[in-house]
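Before any comments, here is the structure.
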Amino acid sequence: MKKLFTLLLSLSSFCGFAQKGWIKLFNGKDLKDWNIKIAKHDYNENFGNTFYVQDGLMKVKYDAYASFDQQYGHIFYKKPFSHYLLKIEYRFVGEQAKGGEGWAWRNSGAMLHCQDPATMWKDQDFPISIEGQLLGGNGKDERPTGNVCTPGTTIEMKEKLFTPHCLNSTSKTYHGEQWVTAEFLVLGDSVIKHIVNGDTVLTYTHPKIGGGNVANYDPKIKVDGKRLTKGYIALQSESHPIEFRMVKLFDLEPYVNDKKKLEKMLECLRKE
């Protein structure tokens, strides 16, 4: 009984640290820790104030766009990570910008293991990265969220190379302007899991640079076959307004070399 009590006390203490270990990537006040790259515009030019903060939310708007014209945008957190749990809360609002593609209606993403945004060319459409795709429903049809897409990258499913650009998750469809919680468990280049409202909806492994679906990039950056062990995190502007009220991260790198501690920390995080 004494050993069990000690074990429970140890786990409680460990989990108490987990509650305090989250890093708020978005502080709810401003975008000072973020860098912006919008296609057809210079690095850190926030064209049309596309990304802004209001009422404690990070918002994406297109009021200044005469036409969207494939001006895909991404806002990047200031530093890269390798092993982490990323947690965001998002919702789609309003109407799509004029000139946006049909597939981009209620479409955004959390870009994982991104290239350094400072290395993106002016007309590059998407960062070389793994995309945790975020989609909204139209009120009647099934349209899962938490999917994966691969701009300039490849992944493996069940130890086999997966070559199509996107793969749907098993998530539910979320219609209207409801808030949705999406989490991405990223363990270097070993495994990535997508979790939507508490349910694991997609798992894949071994992300690498390769494939297509990215344009106007520096060929020195796209080294096909290179393992994606770390990278920047970005959120998208793809022509539909979206809001984020939480963007936070738990850095798991300190636990990478101790499998038992890593598993214990992941258990604590699952209980939150």
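Since the model is a prediction, treat every value here as computed from it, not as a measurement.
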By the disulfide (SG to SG under 2.5 Å) test, which pairs, at least two apart or in different chains, include something from residues 102-160? Cys149-Cys166
d(Glu183 CD, Asn197 CG) to nearest 0.5 Å is 9.0 Å
Nearest 0.5 Å please: distance from the CG atom of Asn213 over to the CD1 atom of Ile128. 12.0 Å
Report yes or no: do Gln96 and Ser239 form a side-chain donor-acceptor pair below 3.5 Å? yes
In chain order, what residues pass the side chain to side chain contact (heavy atoms under 4.5 Å, CB included) check against Val223, with sequence neighbours excluded? Lys226
side-chain contact (heavy atoms from CB on, under 4.5 Å) partner of Leu228, chosen from Ile192, Leu112, Ile130: Ile130
For the residue pair Glu95 / Tyr62, report whether a side-chain donor-acceptor contact shorter than 3.5 Å exists. no
For Asn257, does the CG atom sit with more than 12 other heavy atoms under 6.0 Å from it, leaving out its own atoms? no
Results of side chain to side chain contact (heavy atoms under 4.5 Å, CB included) for Lys79 - residues two or more places apart only: Tyr77, Phe81
Run the side chain to side chain contact (heavy atoms under 4.5 Å, CB included) test against Leu161 and tell me which residues pass, sequence neighbours left out. Thr154, Thr163
Hits for side chain to side chain contact (heavy atoms under 4.5 Å, CB included) against Pro144, two or more places apart or cross-chain, chain-then-number order -> Asn147, Asn168, Ser169, Ser171
Salt bridge (charged side-chain N to carboxylate O under 4.0 Å, His left out) filter on Lys222, not counting sequence neighbours, yields Asp224
Ring-plane angle category for Phe92 and Tyr90, please: parallel below 30°, perpendicular beyond 60°, tilted otherwise. perpendicular
In the hydrophobic clustering (ILVMFWY, side-chain contacts below 4.5 Å, transitive), which residues join Met120, or is it alone? Phe76, Tyr232
Same hydrophobic cluster for Leu167 and Leu185, using side-chain heavy-atom links shorter than 4.5 Å among ILVMFWY? no
About how many Å separate CZ of Arg91 and CG of Leu134, when rounded to the nearest 0.5 Å? 15.0 Å
Residue pairs passing the disulfide (SG to SG under 2.5 Å) test where at least one lies in residues 189-239, sequence neighbours excluded: none
From CD (Glu238) to OG (Ser108), nearest 0.5 Å: 6.0 Å
Do Met246 and Phe51 land in one hydrophobic cluster if side-chain heavy atoms of ILVMFWY residues count as linked below 4.5 Å? no
Using a 4.5 Å cut-off between side-chain heavy atoms of Ile, Leu, Val, Met, Phe, Trp and Tyr, which other residues end up in the same hydrophobic cluster as Leu57? Trp179
In this structure, is the centre-to-centre distance between the rings of Phe244 and Phe26 below 6.0 Å? no
Is Arg245 salt-bridged to Glu89, cutoff N-O under 4.0 Å? yes
Looking only at the side chains, is there a donor atom on one of Tyr204 and His194 sitting less than 3.5 Å from an acceptor on the other? yes
Reported CG-to-OG1 distance for the pair Leu135 and Thr145, which is rounded to 0.5 angstrom: 5.5 Å
Quick note, salt bridge (charged side-chain N to carboxylate O under 4.0 Å, His left out) partners involving residues 142-162, not counting sequence neighbours, are Glu156-Lys208
Donor-acceptor side-chain pairing of Tyr217 and Thr119 below 3.5 angstrom: no
Under the salt bridge (charged side-chain N to carboxylate O under 4.0 Å, His left out) test, which residues partner Asp125, sequence neighbours left out? none
With sequence neighbours excluded, give me every salt bridge (charged side-chain N to carboxylate O under 4.0 Å, His left out) pair touching residues 48-75. Lys40-Asp69, Lys59-Glu243
